[in-house]
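Beneath this line is the structure, given in structure tokens, with notes to follow.
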Amino acid sequence: MTPELLSSLSLLAPELIIAIGALVLLMVGVYSGERANTTVTGLAVAVLLAAGAWMIVFGQDGAAFGGAFVTDGFSRFMKVLTLIGSVVTMIMSVGFAKAERFDKFEYPVLIMLATLGMMLMVSANDMLSLYLSLELQSLALYVVAAINRDSVRSTEAGLKYFVLGALSSGMLLYGISLIYGFTGNTSFEAIAAALSADGNQLGLTFGLVFVLAGLAFKISAVPFHMWTPDVYEGAPTPVTAFFAAAPKMAAMALLVRVTMGAFEPIASDWQQIIVFVAIASMLLGAFAAIGQKNIKRLMAYSSISHMGYALVGLAANSENGVRGVAIYMLIYLVMTLGTFAFILSMRRKDGPVEQISELAGLSSTNPLMATILTILMFSLAGIPPLAGFFAKWYVFLAAMESGLYALAVIGVLASVVGAYYYLRIIKIMWFDEPVGGFVPMAGELRLVLGVSGAFVLLYVLIAGPVGQVAGAAAKSFF
């Protein structure tokens, strides 16, 4: 082995741990049959935790494979969030999968392969590595969405996601081909150098639009959000929780790296696109969720609006903006995992329920659950002094520092509208007549719900250290 290859492999160690672990666990599952389902899930969690521990303890900055893969403070921060999302959703899915009879050993292996793609996405520094990592993630997610083969809704969700995902991949590839045609390079640094030397051209602008459209699909930003409500509702609830958490972290990190890296010299062009997408996502997410009766569809529109708020920080095109995006994604991840832990516990003796009306009078039948969900709903609405308020504060402040006053004002107004459907859930839980209690929560769901509620409530005590870590991650681009 050459020294360059050894250096590249050492930087890629966390990803190699996950890749080798997934292949080994696939063989374990194949030769052990259904008896290995629980074992494979436990080992998958252990492998992901090992990869995260390696990255935190031995992580170093550098570029691998000719600059196609980079590790820096920002990549490590977003990879940790991605791993947290994958590990927690995998743990939360154990009880639900057994009850709904889709506890197949392939499920944790597919989650691992999707997570591997996400880790590579966060560190992608070349258009080709960007596309390959995106497809590795997407192909695993298409199968996971339809993992419950006995459910028509799950199969329909997987098919919709696959068809629309193929469309977005085609748009992304077309954009990459235009960028390569006009710059002669696929490396982010080389593209940025070519743009600095030759300036922007009309064909490059088209390429930029198509690339951003392909990436916007992955974070379910308007106008590429159409798959989100149907897939969120149709996929099994643990899969929906996974979709709402880990892939969003990786896709947002990739969007930041593409814009702040490859296209930084033409920031004025991509800023206009990001501003439009942010405004459209915030407004559609706020208004479309008002009439929803299914809590998973409501969370889909909530996710769309929250991605719009995060994009406000990116539109600022500043160090504080990237810091705001990093903090926002951390807080969004915790709030989402806690909320889906609650949704997974919405189960009566005859099976799971998803209608918001089923929450009526929960404060009488289970006051602790109702209290924690109330905290999470207030945080999602951005009510101070909860974590959700600080998330929006950082991105709106960054936008105002960059002179984007109209964008910040629209964001605040969209938050006011969005608060309605969160407060409606609180009203149903505390003031409507009870319709019967849920079965007792599983221990792992109780743990996730409690930790997320405590984090959201006490975030003000750790806001300083979190801000410092996120600020160090943002410095990777400046």
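Remember, it's a predicted structure, so these values are computed and weren't measured experimentally. Nothing fancy with the numbering, it's 1 onward along the sequence. As a basis for the values below, the full set of heavy atoms in this structure was taken, side chains included, without hydrogen atoms, waters or symmetry mates.
- Taken to the nearest 0.5 Å, the CZ atom of Arg297 stands 5.0 Å off from the CD atom of Glu233.
- Of all the heavy atoms in Tyr142 and Ala166, the pair that sits closest is OH-N, 3.8 Å.
- Inter-residue side-chain proximity for Met249 and Phe77 is flagged as unmet; no heavy-atom pair is nearer than 4.5 Å.
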Inset, instruction - With side-chain contact (heavy atoms from CB on, under 4.5 Å) as the test, would you mind laying out the steps for Leu212 and Thr259 before giving the verdict? - result: CA-CA 9 Å; Leu212 293 183; Thr259 51; 4.0 Å; yes

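- Residue Phe243 holds its CZ atom at 10.5 Å from OG1 of Thr89, rounded to the nearest 0.5 Å.
- In plain terms, the two heavy atoms of Gly52 and Leu83 that are nearest each other are CA-CD1, 3.5 Å.
- Note that the CG atom of Leu413 and the CD1 atom of Ile279 stand 11.0 Å from one another [nearest 0.5 Å].
- Contact between Gln271 and Ala315 at its shortest, heavy atoms only, is NE2-O, 2.7 Å.
- One finds the CE atom of Met299 at 12.0 Å from the OG1 atom of Thr237 (value rounded to the nearest 0.5 Å).
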Inset, instruction - Could you please spell out the steps behind the side-chain contact (heavy atoms from CB on, under 4.5 Å) verdict for Arg424 and Tyr420? - result: CA-CA 6 Å; Arg424 176 168 153 259; Tyr420 167 78; 3.9 Å; yes

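- Between Phe105 and Val28 there is no side-chain heavy-atom pair separated by less than 4.5 Å.
- Side chain of Ser379 to backbone of Ile375: no donor-acceptor contact under 3.5 angstrom is found.
- The CZ atom of Phe340 sits 11.5 Å away from atom CZ of Phe96, with the distance rounded to the nearest 0.5 Å.
- Under a 3.5 Å cut-off, the side chain of Glu354 and the backbone N or O of Ile295 do not form any donor-acceptor pair.
- In this structure the side chain of Phe263 never reaches within 4.5 angstrom of the side chain of Asp269, judged on heavy atoms.
- Side-chain atoms of Thr336 do not come within 3.5 Å of backbone N or O of Leu333 as any donor-acceptor pair.
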N/O donor to acceptor pairs below 3.5 angstrom from side-chain atoms of residues 390-401, sequence neighbours left out:
from	atom 1	to	atom 2	distance (Å)
Lys392	NZ	Ala381	O	3.4
Lys392	NZ	Ser415	OG	3.4
Glu401	OE1	Asn320	ND2	3.0

Legend entry - Derivation and outcome, salt bridge (Lys or Arg N to Asp or Glu O under 4.0 Å), residues Glu319 and Arg323: CA-CA 6 Å; Glu319 186 176 328; Arg323 174 172 164 267; over 6 Å; no

Throw together a table of side-chain donor-acceptor distances under 3.5 angstrom for residues 363-370, partners on residues two or more places apart or in other chains.
from	atom 1	to	atom 2	distance (Å)
Ser363	OG	Met429	O	3.0
Thr365	OG1	Leu362	O	3.3
Asn366	OD1	Met369	N	3.2

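- A donor-acceptor contact shorter than 3.5 Å is absent between the side chain of Ser93 and the backbone of Pro238.
- Put simply, the side chain of Ile383 does not reach to within 4.5 Å of the side chain of Met377, judged on heavy atoms.
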Inset, instruction - Kindly indicate, with the supporting measurements, whether the criterion side-chain contact (heavy atoms from CB on, under 4.5 Å) is fulfilled by Ile219 and Leu311. - result: CA-CA 10 Å; Ile219 61 169; Leu311 288 174; 4.0 Å; yes

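- Among residue pairs with one or both ends in residues 208-227, those qualifying as ring pair (Phe, Tyr, Trp, His ring centres under 6.0 Å) are Tyr161-Trp227, Tyr174-Phe210, Phe217-Trp227; sequence neighbours excluded.
- Checked by atom type and distance alone, the side chain of Lys218 never pairs as donor or acceptor with a backbone atom of Ser138 at under 3.5 Å.
- Partners of Leu43 according to the side-chain contact (heavy atoms from CB on, under 4.5 Å) rule, which considers only residues two or more places apart in sequence or in another chain, are Leu25, Thr39.
- The nearest pair of heavy atoms linking Thr155 to Ala146 is CA-CB, 4.1 Å.
- Inspection of the Tyr131 and Ser169 side chains reveals no N or O donor paired with an N or O acceptor under 3.5 Å.
- Under the 30°/60° scheme for interplanar angles, the aromatic rings of Tyr309 and Tyr328 are found to be tilted.
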Legend entry - Derivation of the side-chain contact (heavy atoms from CB on, under 4.5 Å) call for Lys427 and Asp432: CA-CA 7 Å; Lys427 174 258 178 189; Asp432 285 12; 3.1 Å; yes

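- The distance from atom CG of Leu134 to atom CG of Leu172, rounded to the nearest 0.5 Å, is 6.0 Å.
- Inter-residue side-chain proximity for Asn294 and Gln355 is flagged as met; some heavy-atom pair is nearer than 4.5 Å.
- Listed for the Arg257 side chain is a donor-acceptor partner under 3.5 Å among the backbone atoms of Val122.
- No side-chain donor-acceptor contact under 3.5 Å links Tyr421 and Ser302.
- With hydrogens and angles disregarded, a donor-acceptor distance shorter than 3.5 Å links the side chain of Ser133 to the backbone of Leu130.
- Counting only distance, with no hydrogens or angles, the side chain of Ser281 and the backbone of Ala278 share no donor-acceptor pair below 3.5 Å.
- Inter-residue side-chain proximity for Ile304 and Met282 is flagged as unmet; no heavy-atom pair is nearer than 4.5 Å.
- Ile290 places a side-chain heavy atom less than 4.5 Å from the side chain of Val417.
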Report, one line per pair, each donor and acceptor closer than 3.5 Å where one atom sits in a side chain of residues 108-119; sequence neighbours left out.
from	atom 1	to	atom 2	distance (Å)
Thr115	OG1	Ser86	OG	2.8
Thr115	OG1	Ile111	O	2.7

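- Side-chain contact between Ser123 and Lys79 is present, with at least one heavy-atom pair separated by less than 4.5 Å.
- What you find for Ala300 and Pro229 is that their closest heavy atoms are CB-CA, 3.6 Å.
- Here the shortest heavy-atom pairing between Leu254 and Ala124 reads CD1-CB, 4.1 Å.
- Panel note: side chain Ser402, backbone Ala316; a donor-acceptor pair is recorded below 3.5 Å.
- Between Tyr332 and His306, the ring-plane angle classifies as tilted under the 30° and 60° cut-offs.
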Side-chain atoms of residues 439-460: list all donor-acceptor pairs with protein atoms under 3.5 Å, sequence neighbours left out, distances to 0.1 Å.
from	atom 1	to	atom 2	distance (Å)
Arg446	NH2	Met441	O	2.7
Ser452	OG	Val448	O	3.0
Ser452	OG	Leu449	O	3.0

